[in-house]
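Read the numbers this way: they start at 1 and go in the same order the structure lists the ligands and their atoms. Note that the structure is a prediction, hence the values are computed from the model and not measured.
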Amino acid sequence: MEAVVLVGGQGTRLQPLTLRTPKPMLPFAGSPFLSHLITRLRAADVDHVVLATSYRPEVFHEFFGSGRDFGMRIDFVTETAPLGTGGGIRNVARRLESGPDDPVLVFNGDVLSGHDIRAQLEMHRRREAAVTLHLVEVDDARAFGCVPTDSHARVTGFIEKSDSPVTNRINAGCYVFTRKVIDLIPEGRVVSVERETFPGLLETGEMMLGYIDTSYWLDVGTPAAFAKGSADIVTGVLESPALIAPPGEALLQEDAIVHSGAVVNGGSVIGPRTKVDAGAQVTRSVIADGVHIAAGATVFNSLVGRRSKIGQRTVVANAVIGEGVSIGADNELTGGVRIWNDAEIADGAIRFSPLP
Ligand code: GDD
Ligand code: MG
C-alpha cells in the first residue's frame, strides 16, 4: 500500500519555530510530529511513502533517510516552487508504483487523527469510488473545507474555507484516491486539490464518498492546537505507536533534569538536556532540548524552542518562545505572544494586564 504525505507548507502560524524546522518536523510528544503519522501508516500496512516537500526538504531527509528505521521505503519529491496541494500530489505521481485502479492514500501532513484508515480504504474499494474523503464534524467549519454529503455518503459539494458553511462536516485531510484520478490532475502548475480538483470531479459526475467518523481528530496548525495534540498523545488520550514511553502526566526525554520541587504535568514534554528548577511549573507545554526553566517560573499551554532560557518567576502562558531566546526574571508573557529566535528580554521588562 502506498501513501503520499503533503508536507510543503511553511507553517507560518507556528513561526518562529518553523523558520528553521518545517511544521511536521517540530518536536511533538517526544519525536517529530510526522513520525507519529508515519508509524500509524506503517501499522495500516503502508510500505511506501512519498513525501511531497517544498519548504526545507533537507530536514525531512535527515530524519527519515530511506525509511528503513520505520520499516518502509520513504521517497522525497521536492517542488522547486510550491505547487499547492493538488500540484504537490500530481508532482509525486511518477514515484508511485500502484496500478491505475489501485487505491493510494493521501494525507495533509499536519493532521492528527485516530480514525480507522483500513475502514476508509475498505469503503473506497467496496463502492469503487474515485476519491474517498475522511470527514469529521467541528463546531466552527469556517477554517476548513466544508463537505456536504447525501444519505448514501456521496459528496455533493466541496466548499473550501467559507464564511457561511452549509454543514459542520469538514474535510479532515486524509483521502483515498484511485491512482488514475491522480494522473488526471494537470501537471507542472499550481493546483489546489480543495478549490479545483474536488469541485471539478463533482462537476464531471465522478463518485466522491465521505467516510464520516467521530474518533479523535485535530489540525495542529496553531500553537494551542499543537500543544494540545502533543499533550493528548503524552497522556494517552490518543494512542501513538511513536510514543517512546508509557502514557502519563509528562514525558521527560533523555538527560532532562527536573528538580524534585518542580511540577511538570498536563501532558508536557521536557526535551533532552532541558533543566527545570525548583518551584517551576510546566503544564500542557512542549519544551524542546537544551532549555533552562529557572526557579519559580511558570510555563502553561506554550511551545518553547531549543536552547531558550526562562528566568526566575517569569510566567509564559499561551505563548510561542523561539529558539535561543533569553528571558530574564519576573516577566509576564501571555495571551498569544510570540518571541522571535535569539531575542533577549531583560529582567522585569514585560508585564501584562488584560484589557478591561
Ligand atoms: N507539497 C506541498 N506543496 N504541500 C503543501 C503545499 C504545497 O504547495 N501547500 C500546503 N501543503 C501541505 C501543508 O504542509 C499541509 O500539510 C497540507 O498541505 C494542508 O495545508 P494547510 O496549509 O495546513 O491547509 P489548511 O489546514 O488551511 O486546510 C487544509 O486542511 C484542512 C484540515 O486540516 C484543507 O485541506 C482543508 O480542506 C481541510 O479542512
Ligand atoms: Mg492545516
Side-chain angles (χ1 to χ4, degrees), residues 3-15 18 21-26 28 32-34 36-38 41 49-57 59-61 75-93 95 105-113 115 131 133-148 155 157-162 165-175 177 182 185 187-199 202 208 210-213 216-226 228-229:
V4 173
V5 187
L6 294 167
V7 291
Q10 304 217 354
T12 45
R13 289 170 298 174
L14 289 178
Q15 283 176 354
T18 46
T21 308
K23 173 167 62 177
M25 294 304 289
L26 289 175
F28 186 91
F33 176 79
L34 190 58
H36 298 276
L37 174 57
I38 294 290
L41 291 177
V49 166
V50 188
L51 293 182
T53 64
S54 164
Y55 178 66
R56 295 201 167 267
V59 186
F60 296 94
H61 200 264
D75 276 329
F76 305 82
V77 179
T78 301
E79 297 149 35
T80 31
L83 290 170
T85 47
I89 299 168
R90 180 65 182 93
N91 192 49
V92 307
R95 293 294 184 89
L105 286 161
V106 177
F107 283 82
N108 284 350
D110 62 345
V111 156
L112 193 60
S113 169
H115 85 287
V131 183
L133 311 178
H134 173 214
L135 305 181
V136 294
E137 255 166 38
V138 294
D139 294 335
D140 183 352
R142 285 177 299 177
F144 302 100
C146 178
V147 189
V155 171
F158 193 109
I159 313 107
E160 181 67 9
K161 300 192 176 75
S162 104
V166 294
T167 163
N168 284 352
R169 208 158 267 171
I170 61 132
N171 168 27
C174 165
Y175 321 124
F177 270 82
I182 293 179
I185 300 172
E187 209 176 352
R189 67 165 171 90
V190 175
V191 179
S192 159
V193 80
E194 298 89 350
R195 294 177 197 276
E196 184 175 338
T197 309
F198 293 150
L202 288 174
M208 282 178 57
Y211 174 78
I212 299 154
D213 176 87
Y216 186 99
W217 184 86
L218 190 66
D219 176 326
V220 301
T222 64
F226 199 88
K228 179 184 187 316

TODO: Around the Mg ion (ligand 2), list the protein N/O/S atoms within a radius below 2.8 Å, excluding water molecules.
DONE: Asp110 OD2, Asp219 OD2

- [ ] Answer side chain, backbone, both or neither: which part of Tyr55 comes under 4.0 Å from ligand 1, heavy atoms only.
- [x] neither

- [ ] Starting at CG of Asp140, measure out to CD1 of Ile170 and round the result to the nearest 0.5 Å.
- [x] 10.0 Å

Task: Atoms in ligand 1 flagged as close to Gly109, the criterion being non-hydrogen separation under 4.0 Å - done: 16 (O)

Task: Within-cut-off N or O pair, Phe144 and ligand 1, under 3.5 Å - done: no

Task: By side chain to side chain donor-acceptor pair (under 3.5 Å) - contacts of Glu137 (at least two apart) - done: Arg169

Task: Contact partition for Val7 relative to ligand 1, non-hydrogen atoms under 4.0 Å - done: backbone

Task: Taking every non-hydrogen atom, the tightest pair across Tyr216 and Gly229 - done: OH-CA, 3.8 Å

TODO: Quickly, which of Asp75, Val77, Leu34 forms a side-chain contact (heavy atoms from CB on, under 4.5 Å) with Leu51? Name it, please.
DONE: Leu34

- [ ] Considering the heavy atoms of Gly84, write down every atom of ligand 1 situated less than 4.0 Å from one of them.
- [x] 3 (N), 7 (C), 8 (O)

- [ ] Using a strict 4.0 Å cut-off to heavy atoms of Asp219, name the atoms of ligand 1 that fall inside it.
- [x] 26 (O), 32 (C), 33 (O)

Open item on the list: Which residues pass the side-chain contact (heavy atoms from CB on, under 4.5 Å) test with Val166, not counting sequence neighbours?
Closed with: Cys146, Pro148, Ile159

- [ ] If the plane angle is over 60° it's perpendicular, under 30° parallel, otherwise tilted; pick one for Phe28 and Phe226.
- [x] perpendicular

Task: Shortest protein heavy-atom distance from atom 39 (O) of ligand 1, along with the residue and atom involved - done: Asn171 O, 2.7 Å

TODO: List the closest protein heavy-atom neighbour of atom 30 (O) of ligand 1: residue, atom name, distance to the nearest 0.1 Å.
DONE: Asn108 ND2, 3.0 Å

Open item on the list: Looking at Ala172, is its backbone amide N or carbonyl O close enough to the side chain of Trp217 to form a donor-acceptor pair, meaning the two atoms are under 3.5 Å apart?
Closed with: yes

Task: Protein residue, atom and distance nearest to atom 14 (O) of ligand 1, heavy-atom basis - done: Gly9 N, 2.8 Å

Open item on the list: Under a 4.0 angstrom heavy-atom cut-off, which atoms of ligand 1 come close to Pro82?
Closed with: 8 (O)

Open item on the list: So, taking the atom named NE2 in His134 and the one named CG in Asp213, what distance separates them when rounded to the nearest 0.5 Å?
Closed with: 4.0 Å

Open item on the list: Within ligand 1, which atoms have a heavy atom of Thr85 less than 4.0 Å away?
Closed with: 18 (O)

Open item on the list: Under 3.5 Å between any N/O of Gly145 and any N/O of ligand 1: does that happen in this structure?
Closed with: yes

Task: Test applied, side-chain contact (heavy atoms from CB on, under 4.5 Å); reference residue, Leu6; option that passes from Ile89, Val111, Thr53 - done: Ile89

Task: Distance in Å, Lys23 NZ paired with Phe33 CZ, rounded so as to fall on 0.5 Å steps - done: 8.5 Å

TODO: For Leu83, counting its heavy atoms only, list the atoms of ligand 1 lying under 4.0 Å from any of them.
DONE: 8 (O)

Open item on the list: Show me which atoms of ligand 1 lie under 4.0 Å from any heavy atom of Glu160.
Closed with: 28 (O), 34 (C), 36 (C), 37 (O)

Open item on the list: Quick check against the 3.5 Å criterion: does Tyr211 have a side-chain atom that pairs as donor or acceptor with the backbone of Cys174?
Closed with: no

Task: Those residues that, when tested against Gln10, pass side chain to side chain donor-acceptor pair (under 3.5 Å) (two or more places apart) - done: none

TODO: Give yes if a backbone or side-chain nitrogen or oxygen of Ala52 is under 3.5 Å from a nitrogen or oxygen of ligand 1, and no if not.
DONE: yes

Open item on the list: Among all protein heavy atoms in this structure, tell me which lies nearest to atom 4 (N) of ligand 1, with the distance rounded to 0.1 Å.
Closed with: Gly8 N, 3.0 Å

Task: Numbering as shown, the atoms of ligand 1 that approach Tyr175 to under 4.0 Å (heavy-atom distance) - done: 35 (O)

TODO: Using the side chain to side chain contact (heavy atoms under 4.5 Å, CB included) rule, take Phe60 and Met25 through it: C-alpha gap first, then chi angles, then the decisive distance, then the call.
DONE: CA-CA 7 Å; Phe60 296 94; Met25 294 304 289; 3.6 Å; yes

Open item on the list: With no hydrogens and no angle check, just 3.5 Å: does a side-chain donor-acceptor pair link Thr85 and Glu194?
Closed with: yes

Task: Pairing of Arg189 and Glu196 as salt bridge, 4.0 angstrom limit - done: yes

TODO: Please confirm whether Glu79 comes within less than 3.5 Å of ligand 1 when only nitrogen or oxygen atoms on both sides are compared.
DONE: yes

Open item on the list: Is there a polar contact between ligand 1 and Ala172, counting only N or O atoms under 3.5 Å apart?
Closed with: no

Open item on the list: Would you say atom 35 (O) of ligand 1 makes contact with the protein, given that contact here means a non-hydrogen protein atom less than 4.0 Å away?
Closed with: yes

Open item on the list: How far is atom 23 (O) of ligand 1 from the closest protein heavy atom, and which atom is that?
Closed with: Asp110 OD2, 2.8 Å

TODO: Specify whether Phe158 and Phe198 have parallel, tilted or perpendicular ring planes, treating 30° as the upper limit for parallel and 60° as the lower limit for perpendicular.
DONE: tilted

Open item on the list: Is there a side chain to side chain contact (heavy atoms under 4.5 Å, CB included) between Leu41 and Val5? Walk through the geometry before answering.
Closed with: CA-CA 10 Å; Leu41 291 177; Val5 187; 4.2 Å; yes

TODO: Identify which of Gln10, Glu194, Lys23, Lys161 has a heavy atom lying nearest to atom 28 (O) of ligand 1.
DONE: Lys161

